[in-house]
Chemist: 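One structure, pasted below without further comment.
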Number of protein chains: 2
Amino acid sequence: MRVTIYDIAKEADVGIGTVSRVFNNHPSVSHGTRSRVLEVATRLNYRPHPYARGLASNRTNSILAVIPFFTTFFFLEILQGVQSKLSDLDCDLILYGVNHPDQVASSLRQNALRSRVDGILFFSMKMPEEFALQYLQHRTPVIVVDSYHKSFDSLTVDNQEGAFHATTHLIKLGHKRIGLLNANIESAPARERLKGFQNALTGAGLAIVPGLVKNSSSPILDGFTRNAGYELMKQFLSLKGEMPTAIVVASDIQAVGALAAINEAGLKCPDDVALIGFDDIELASHLELTTMRQPMYEMGALAADTLADRLKNPKEKVSQTKFVPKLIVRKTCGASMHRKQIEAIA
Amino acid sequence: MRVTIYDIAKEADVGIGTVSRVFNNHPSVSHGTRSRVLEVATRLNYRPHPYARGLASNRTNSILAVIPFFTTFFFLEILQGVQSKLSDLDCDLILYGVNHPDQVASSLRQNALRSRVDGILFFSMKMPEEFALQYLQHRTPVIVVDSYHKSFDSLTVDNQEGAFHATTHLIKLGHKRIGLLNANIESAPARERLKGFQNALTGAGLAIVPGLVKNSSSPILDGFTRNAGYELMKQFLSLKGEMPTAIVVASDIQAVGALAAINEAGLKCPDDVALIGFDDIELASHLELTTMRQPMYEMGALAADTLADRLKNPKEKVSQTKFVPKLIVRKTCGASMHRKQIEAIA
DNA sequence: GAGGATCTTGGAAGCGCTTCCATAATTTAC
DNA sequence: GTAAATTATGGAAGCGCTTCCAAGATCCTC
């Protein structure tokens, strides 16, 4: 039979209230009693029943992570960060993966309401208003990561700043004719990255050549796909002599497609055209892709922390944190080449 | 206030037992009563409290997945498969990631005992005996995936068969001088893959040349690393004229390292040496790596199904299922080349 | 139409815990 | 020394559900 607080109470010759207090670190238990209870509990191998606890205290000690399954690379690292904090909080992680952005609402309807959780981490997708309202009403804290909602704490990557750094890096390497291979301008990240790109050029006194900014028109994942990168790169390649000497690519996955197009054309990166990506997905290091790294582990960890804070202070005003991506220099930007050479190319 | 079965009972003018029966699909509720209760429940937006349920029924409707965080690529797909089944089972997925194989035991000690779950999916790691005993004692069903334990249902990949197919594919392409770039022979998968390799050669009447079988001696992840592949490939390259015309590589990640070594040596794959990997990680398609695909989604889904069966029939005898990997032909095996050319190289 | 099955139903008990109230023991203040 | 405050403790009530037992209603069977 299961060991309960009654067994412990009897064995340690105290009341059940006292046993409960010991396990909840309630201050008003004398030192002697506490250690006696703990000794007995260890001896009988007692473990509190989480559901009984949850039922009685109206806490669940578990949180829900809603993640998109369709962009694999990104998430295990984030979850790692989340979990590193969660074990401190003595909290379970319930995972709910959504297969397609369009299914968020129906998926949530089907699943997320079933489980009772203390809080929710919501990743990379637009939170449907229907659920936002519901969570607000139920006072279930939600942290939105890599996305934004006015009513919830959010952690985002500063896309504009990231694109600014990326572009500036290329400028510093001596490039004057720099292109932007962007995603679908309908999406906020694409717009922000465009803005950062423009600011960097303008700030350096370079002109923004419209023909060198190419937005994807693909509706599929807003153009953040390998294929979108491939197609846009082919457009750049068709410019021949007018081609930029370096291109800022809105995401690594697009850069992968771009590299394929470059190879196919018989050209070399970075010799013929330099590339800089965004994200630092697993592939990036294998392809020696220079990129703007998003601090995923850190975002995960901070998301968990933020949720913990929110659970403690429900009234606090909604916070908004921005992470600045970090430049990871590899080979595709040509930083290892001598500047003279680059200038010769340009 | 929370809506409970008492509210429903009062509103629908029935007893709480009846309400409970309705929500548990108990047969002995008349049709009229059932629909009246459901109508009221919908109207009041009633949701059963999972913890109260769990406490009263001693079921939790949640399962635990213990996965290794250190081999990222593999798992989201498996989890996707798991989840596709879980929502049928009306079950939550609690995720617990282990950062390093050596930490399995300590990680489990810290975490896995806390949560009460109906069953456990245990991935890719050796289950510490300490926990195996505990789970058996508690009668917590465990399904071991991509690993083996005699007391639990297991799903594994048939490494021997996979390596056999991979090798046979190269033989069919006309190769006579085939090497094996293996992982650490201490690990079961490495041994099995070696055996499949040998069987294929022997079966085709080819000799097994000891110098063409290279096992990694790395203790890190049993040599299933990019670096181990890189180092072993350098050994192959140093054979010069004695080099195999094709190499079976024990894992894609090693093949990535091997490709790097080949490029570094100024050689071309598959022109100078053909390669076939194992796993079909995300990278593989981007690198055009021919490989033996492990059916991860399917394994995840079947794991969940197996667990569901086990929950229904705890007495059934332990099952053991083997998946056969599937050949995915891309470019590194040179299958697209004309056979004559290959023979010319050989 | 009587006796026995078979369906339905109500609701008490109990799952293992937290929490509050009452009370006892001890300390502090004057 | 006494009154008041503080500390430590026991245990009842209650969290929302399942499940069992008892009992009423309905249906057969001969």
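Per chain, numbering begins at 1; letters A, B, ... match sequence-line order.
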Chemist: Let me test you: for the helix from dG1(C)-dC30(D) to dC30(C)-dG1(D), what is the angle between the axes at its two ends (five pairs each), rounded to 10 degrees?
Modeler: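 Axis angle across the helix from dG1(C)-dC30(D) to dC30(C)-dG1(D), nearest 10°: 30°.
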Chemist: Between the main-chain N or O of Thr156(A) and the side-chain N or O of Tyr148(A), is there a donor-acceptor pair closer than 3.5 Å?
Modeler: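 No: the side chain of Tyr148(A) does not pair with the backbone of Thr156(A).
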Chemist: Starting at CG of Leu55(B) and ending at C1' of dA13(C), how long is that distance when rounded to a whole Å?
Modeler: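 Atom CG in Leu55(B) sits about 13 Å away from atom C1' in dA13(C).
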Chemist: Verify the contact: side-chain N or O of Tyr6(B) to OP1 or OP2 of dA12(C), cut-off strictly under 4.0 Å; return yes or no.
Modeler: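 No.
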Chemist: In Å, rounded to the nearest 0.5 Å, how long is the span from CG of Leu155(B) to CD1 of Ile143(B)?
Modeler: 7.0 Å
Chemist: Report which part of the nucleic acid Phe23(A) touches: base, sugar-phosphate, or nothing (heavy-atom distance under 4.0 Å, all strands).
Modeler: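 No contact.
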Chemist: Report yes or no: does Asp118(A) contribute a side-chain atom to a donor-acceptor pair with the main-chain N or O of Asn61(A) at less than 3.5 Å?
Modeler: yes
Chemist: Within residues 25-45 of chain A, find the residues that approach DNA chain C with a heavy atom at under 4.0 Å, and present them sorted by residue number.
Modeler: none
Chemist: Regarding Asp146(A) and Ser124(A), do their side chains bring together a donor and an acceptor under 3.5 Å, going by distance alone?
Modeler: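 Present: a donor and an acceptor within the cut-off.
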Chemist: Determine whether a donor-acceptor pair (one donor, one acceptor, N or O, separation below 3.5 Å) exists between the side chain of Tyr51(A) and the base of dC15(D).
Modeler: no
Chemist: Name all residues meeting the side chain to side chain donor-acceptor pair (under 3.5 Å) criterion together with His49(A); count only those two or more places apart in sequence or in a different chain, and write none if there are none.
Modeler: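 Listed in chain order: nothing, the list is empty.
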Chemist: Using whole Å, what does the distance between atom C1' of nucleotide dA12(C) and atom CD1 of Ile5(B) come to?
Modeler: 12 Å
Chemist: Considering residues at least two apart in sequence or located in another chain, which fulfil the side-chain contact (heavy atoms from CB on, under 4.5 Å) criterion with Ser57(A)?
Modeler: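 Result, side-chain contact (heavy atoms from CB on, under 4.5 Å) vs Ser57(A): Arg59(A).
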Chemist: Could you check how far CG of Asp7(A) sits from P of dC15(C), rounded to whole Å?
Modeler: 11 Å
Chemist: What is the distance, rounded to the nearest whole Å, between atom CZ of Arg2(A) and atom C1' of dC17(C)?
Modeler: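 The distance from CZ of Arg2(A) to C1' of dC17(C) comes to 11 Å, rounded to the nearest Å.
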Chemist: Output all residues satisfying side-chain contact (heavy atoms from CB on, under 4.5 Å) with Asp305(B), sequence neighbours left out; order by chain, then residue number.
Modeler: Lys85(B), Leu302(B)
Chemist: For the pair made of NZ in Lys10(A) and P in dG10(D), what is the distance, rounded to whole Å?
Modeler: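 After rounding, the gap between these two atoms is 15 Å.
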Chemist: Can you name the residues that form a salt bridge (charged side-chain N to carboxylate O under 4.0 Å, His left out) with Arg43(B), not counting sequence neighbours?
Modeler: Glu11(B), Glu39(B)
Chemist: Do the side chains of Thr140(A) and Ile120(A) get nearer than 4.5 Å, heavy atoms only?
Modeler: yes
Chemist: Tell me, please, which residues at least two apart from Asp153(A) pass salt bridge (charged side-chain N to carboxylate O under 4.0 Å, His left out).
Modeler: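 Once residues adjacent in sequence are excluded, the partners of Asp153(A) under the salt bridge (charged side-chain N to carboxylate O under 4.0 Å, His left out) criterion are Arg310(A).
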Chemist: Just distance, no hydrogens or angles: give the donor-acceptor pairs under 3.5 Å from side chains in residues 19-31 of chain A, sequence neighbours left out.
Modeler:
unit_1, atom_1, unit_2, atom_2, d
Ser20(A), OG, Asn24(A), ND2, 3.4
Arg21(A), NE, Gly17(A), O, 3.0
Arg21(A), NH2, Gly17(A), O, 3.4
Asn24(A), ND2, Ser20(A), O, 2.8
His26(A), ND1, Ser28(A), N, 3.3
His26(A), ND1, Ser28(A), OG, 3.2
Ser30(A), OG, Thr33(A), N, 3.4
Ser30(A), OG, Thr33(A), OG1, 2.7

Chemist: Restricting both atoms to N or O, compile the protein contacts to nucleotides 23-27 of chain C shorter than 3.5 Å, with distance only.
Modeler:
none

Chemist: Please list each protein N or O that sits under 3.5 Å from an N or O in nucleotides 19-26 of chain D, with the distance.
Modeler:
unit_1, atom_1, unit_2, atom_2, d
dC20(D), N4, Arg21(B), NH2, 3.3

Chemist: Would you mind classifying the nucleic acid contact of Asp13(A) as base, sugar-phosphate or nothing, using non-hydrogen atoms under 4.0 angstrom?
Modeler: sugar-phosphate
Chemist: Salt bridge (charged side-chain N to carboxylate O under 4.0 Å, His left out) with Glu130(B): which residues, sequence neighbours excluded?
Modeler: Arg109(B)
Chemist: My understanding is that only residues two or more places apart in sequence, or in another chain, count here; which of them pass side chain to side chain donor-acceptor pair (under 3.5 Å) with Glu298(B)?
Modeler: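 Counting only residues at least two positions away or on another chain, Glu298(B) forms no side chain to side chain donor-acceptor pair (under 3.5 Å).
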Chemist: Can you find a pair of side-chain heavy atoms, one from Val66(A) and one from Met127(A), that are under 4.5 Å apart?
Modeler: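 No - every pair of side-chain heavy atoms lies 4.5 Å or more apart.
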